[in-house]
Amino acid sequence: MGAAGGDGWAIMAGKVKWVTDIEKSVLINNFEKRGWIQVAENEDWNFYWMSVQTIRNVFSVETGYRLSDDQIVNHFPNHYELTRKDLMVKNIKRYRKELEKEGSPLAEKDENGKYIYLDFVPVTFMLPADYNLFVEEFRKNPSSTWIMKPCGKAQGKGIFLINKLSQIKKWSRDSKTSSFVSQSSKEAYVISLYINNPLLIGGKKFDLRLYVLVSTYRPLRCYMYKLGFCRFCTVKYTPSTSELDNMFVHLTNVAIQKHGDDYNHIHGGKWTVSNLRLYLESTRGKEVTNKLFDEIHWIIVQSLKAVAPVMNNDKHCFECYGYDIIIDDKLKPWLIEVNASPSLTSSTANDRILKYNLINDTLNIAVPNGEIPDCKWNKSPPKEVLGNYEVLYDEEMAQSDGPDRDLRSRSGQSTGVKGNRARDSGKPVLTTWK
């Protein structure tokens with residue numbers, strides 16, 4: 001896959017040659033605006049924006065090939081450590097145990113044995129593997145609702161809510177076989193405690209979609225896109241069990257909501273994050289709103305730190321993730337899942353502009369100056385090119401600031417909301433953690 005030879009190429013030699021297997025105008029318009037040149041997959045290319053299916057082939061042992069220094073791709077080889085629902089949870093659980101073993105204050109637990117800071121993913125089990133553990137947990141809170149999701153699907157496909165063990169047993173029987181033994185024949189599911197006290201706005205449930213760009217995992221360097229948005233359900237929320245199978249009440253996926261009778265095709269059930277911020281500041285106050293957004297940023301960084309050790313930090317890769325966060329009525333944020341291929345389909349005009357700009361800013365960071373990439377660069381772009389991204393965490397900078405920077409105060413939790421219950425555990429409490 002070397003550089004093009006021959007004088008006839010001289011004029012094109014300086015231009016980035018691109019391929020994509022995702023025919024979306026927000027991508028192609030961005031490539032063309034830069035004067036990049038489209039080539040076929042089997043020609044020399046510099047930049048390939050690919051689906052997760054294709055990345056598997058590029059890095060697979062059988063079909064894979066060596067990328068050269070002037071080639072970059074938009075996924076890490078094993079991104080699924082973060083973007084598969086079951087593996088994300090497994091990695092976060094492992095990360096907590098490691099922090100606990102190191103005696104990190106981040107792994108501190110309360111009197112009920114719950115993590116004070118690291119409890120940001122709803123209680124989750126893998127099915128069928130953890131069935132017995134799940135039953136044990138279910139019996140502790142028999143009135144709770146659980147949400148089942150297939151590990152490898154997106155856009156709300158295959159998801160259902162349950163509040164009785166008999167429903168799982170029925171599911172188990174319906175999916176081919178009556179026993180939980182044969183794992184291979186059955187699709188893996190995760191089952192999570194359903195957050196049944198979501199923060200409602202106008203009586204409706206919503207979640208947050210935030211875009212996070214990772215340019216390298218070791219050292220970790222990640223950016224948060226400032227223009228995330230909320231996705232609303234079209235129907236008012238009720239925790240009533242009679243509505244457990246009404247997905248317009250419970251799932252915010254646009255792929256589902258757009259079929260609802262009340263779907264609004266102008267705003268598509270979306271609010272910007274800055275609108276949410278203003279709304280919360282006016283209804284709940286500035287301080288708790290700032291604390292909420294600090295915590296959201298913090299849990300995103302923790303999730304990336306949890307997968308960094310197992311991620312194949314290939315120098316040819318960057319990745320833009322779609323983080324899904326739900327906020328409960330106590331203003332606690334929960335990490336629901338992370339998407340490796342956030343939708344580039346636009347549901348509204350604003351959506352198209354947002355996604356065009358998201359790709360534009362992503363390319364400005366991943367492909368400096370729009371020039372032929374060199375994988376060996378230090379992946380540390382100047383502030384001027386960040387556009388709507390801001391640095392979320394830069395491990396190298398954090399280390400140069402001393403080892404305790406990551407002990408962040410989680411201000412409200414460590415000092416009590418009134419500020420008078422300061423923990424006197426003698427641990428250094430720092431407000432800055434970036």
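Keep in mind the model is a prediction, meaning the values are calculated, not measured. These numbers come from the heavy atoms of this one structure, side chains and all, not from hydrogens, waters or symmetry mates.
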Q: Has R352 got more than 12 heavy atoms of other residues, nucleotides or ligands less than 6.0 Å from its CZ?
A: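 At most 12 heavy atoms, drawn from other residues, nucleotides or ligands, come within 6.0 Å of this atom.
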Q: Would you find a donor on one side and an acceptor on the other, under 3.5 Å apart, between the side chain of N30 and the backbone of V26?
A: yes
Q: Among side-chain atoms of N78 and N312, is any donor-acceptor pair under 3.5 angstrom?
A: no
Q: Looking at residues at least two apart in the chain, or sitting in another chain, which of them share a side-chain hydrogen bond (donor to acceptor under 3.5 Å, both in side chains) with Y48?
A: E41
Q: Does any non-hydrogen side-chain atom of Y80 lie less than 4.5 Å from one of I55?
A: no
Q: Between W45 (side chain only) and T20 (backbone N and O only), is there a donor and an acceptor less than 3.5 Å apart?
A: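 No, W45 side chain to T20 backbone: no donor-acceptor pair under 3.5 Å.
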Q: Can you tell me how the ring of W146 sits relative to the ring of F134, calling it parallel under 30°, perpendicular over 60° and tilted otherwise?
A: perpendicular
Q: Would you check if the side chain of N313 reaches a backbone N or O of Y217 as a donor-acceptor pair within less than 3.5 Å?
A: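 Judged by distance alone, yes, a pair lies under 3.5 Å.
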Q: Please examine the side chains of N74 and T362, heavy atoms only from C-beta on, and report whether any two atoms are closer than 4.5 Å.
A: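 A side-chain contact under 4.5 Å is absent here.
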Q: Going through the checks in order, is the side-chain contact (heavy atoms from CB on, under 4.5 Å) test met by N141 and L193?
A: CA-CA 10 Å; N141 304 295; L193 192 56; 5.7 Å; no
Q: Taking N364 for its side chain and L386 for its backbone only, find out whether a donor-acceptor pair lies under 3.5 Å.
A: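 Not a single qualifying donor-acceptor pair exists.
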Q: Which of these, W49, Y356, W36, sits in a ring-ring contact (aromatic ring centres under 6.0 Å, His included) with F31?
A: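 Result: among W49, Y356, W36, W36 is the only option passing the ring-ring contact (aromatic ring centres under 6.0 Å, His included) with F31.
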Q: Quick check: closest heavy atoms across E137 and V123, and the distance to 0.1 Å?
A: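 Result for this residue pair: CG-CG1, 4.2 Å.
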Q: Could I get the full list of side-chain hydrogen bond (donor to acceptor under 3.5 Å, both in side chains) partners for W334, not counting sequence neighbours?
A: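 Testing W334 for side-chain hydrogen bond (donor to acceptor under 3.5 Å, both in side chains), a comparison that skips the adjacent residues, returns D328.
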Q: Could you give the distance from CG (L354) to CG (L227), rounded to the nearest 0.5 Å?
A: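 So the CG of L354 and the CG of L227 are separated by 5.5 Å.
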Q: Output, in order, the C-alpha distance, side-chain angles, deciding distance and verdict of side-chain contact (heavy atoms from CB on, under 4.5 Å) for L276 and I201.
A: CA-CA 9 Å; L276 175 68; I201 295 182; 3.6 Å; yes
Q: Given C320, which partner from the list Y225, Y211, Y223 fulfils the side-chain contact (heavy atoms from CB on, under 4.5 Å) test?
A: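 Passing option: Y211.
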Q: Within the side chain of H75, is there an N or O that forms a donor-acceptor pair under 3.5 Å with the backbone of E319?
A: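 Such a contact is absent between H75 side chain and E319 backbone.
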Q: R56 side chain to V52 main-chain N or O, any donor-acceptor pair under 3.5 Å?
A: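 Not confirmed, R56 side chain does not pair with V52 backbone.
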Q: Is a side-chain N or O of D110 found less than 3.5 angstrom from the main chain of N112, in a donor-acceptor match?
A: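 A pair under 3.5 Å: yes.
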Q: Working to the nearest 0.5 angstrom, can you tell me the gap between R84 CZ and E337 CD?
A: 12.0 Å
Q: How far does CG of L161 sit from CG of N196, to the nearest 0.5 angstrom?
A: 10.0 Å
Q: Under the side-chain hydrogen bond (donor to acceptor under 3.5 Å, both in side chains) test, which residues partner D374, sequence neighbours left out?
A: none
Q: Is the closest side-chain heavy-atom distance between R277 and N290 below 4.5 Å?
A: yes
Q: Kindly indicate whether the side chain of L208, heavy atoms from C-beta on, has any atom under 4.5 Å from the side chain of I296.
A: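 Heavy-atom side-chain distance check passes, below 4.5 Å.
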Q: Quick check: closest heavy atoms across Y321 and H79, and the distance to 0.1 Å?
A: OH-CB, 4.4 Å
Q: What pair of heavy atoms forms the shortest contact from F76 to D314, and how long is it?
A: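 Shortest heavy-atom contact: CE2-O, 3.9 Å.
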Q: Between G285 and T289, which heavy-atom pair has the shortest distance, and what is it?
A: O-OG1, 2.7 Å
Q: Distance check, rounded to the nearest 0.5 Å: I327 atom CD1 versus L200 atom CG?
A: 11.5 Å
Q: Would you please test V212 and L304 for side-chain contact (heavy atoms from CB on, under 4.5 Å) and show each step?
A: CA-CA 10 Å; V212 176; L304 293 170; 4.1 Å; yes
Q: Rounded to the nearest 0.5 Å, how far does NZ of K379 lie from OG1 of T216?
A: 6.0 Å
Q: Has K204 got its NZ or CZ under 6.0 Å from the middle of the six-membered ring of F232, at an angle within 45 degrees of the ring axis?
A: no
Q: Measure the shortest side-chain to side-chain distance between P150 and I159 over non-hydrogen atoms and say whether it is less than 4.5 angstrom.
A: yes
Q: Got a salt bridge between K376 and D69, using NZ or NE/NH1/NH2 to carboxylate O under 4.0 Å?
A: yes
Q: Kindly indicate whether the side chain of V73, heavy atoms from C-beta on, has any atom under 4.5 Å from the side chain of T54.
A: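 Not touching, per the 4.5 Å side-chain cut-off.
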Q: Closest approach of C317 and P77, non-hydrogen atoms and distance?
A: SG-CD, 3.8 Å
Q: List in chain and number order the residues that pass side chain to side chain contact (heavy atoms under 4.5 Å, CB included) with R94, two or more places apart in sequence or in another chain; answer none if no residue qualifies.
A: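 Residues passing side chain to side chain contact (heavy atoms under 4.5 Å, CB included) with R94: N91, E98, P309, V310.
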Q: Taking all atoms of both residues into account, what is the closest heavy-atom pair of L27 and I22, and its distance?
A: CD1-O, 3.6 Å
Q: Run through Q302, H297, R221, K305 and flag the one making a side-chain hydrogen bond (donor to acceptor under 3.5 Å, both in side chains) with Y393.
A: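 Exactly one candidate clears the test, K305.
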Q: Side chains of F47 and L363: closer than 4.5 Å at any heavy-atom pair?
A: yes
Q: Regarding K33 and N360, do their side chains bring together a donor and an acceptor under 3.5 Å, going by distance alone?
A: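 On atom types as modelled, these side chains qualify, holding a pair under 3.5 Å.
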Q: Give the intermediate values and the outcome of side-chain contact (heavy atoms from CB on, under 4.5 Å) for residues L199 and R284.
A: CA-CA 12 Å; L199 176 65; R284 302 292 188 104; 3.4 Å; yes
Q: Partners of L133 by side chain to side chain contact (heavy atoms under 4.5 Å, CB included), sequence neighbours excluded?
A: F125, D130, E136
Q: Is K149 reaching over with its side chain to a backbone N or O of S192, donor-acceptor style, under 3.5 angstrom?
A: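 It does not hold such a pair.
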Q: Is there a donor-acceptor pair under 3.5 Å between the side chain of R218 and the backbone N or O of M311?
A: yes
Q: Counting C-beta onward and ignoring hydrogens, is there a side-chain heavy-atom pair between E295 and L331 closer than 4.5 Å?
A: no
Q: Restricting to side-chain hydrogen bond (donor to acceptor under 3.5 Å, both in side chains), what partner residues turn up for R209, sequence neighbours left out?
A: D324
Q: Between N388 and K226, is there a donor-acceptor pair closer than 3.5 Å when you use the side chain of the first and the backbone of the second?
A: no
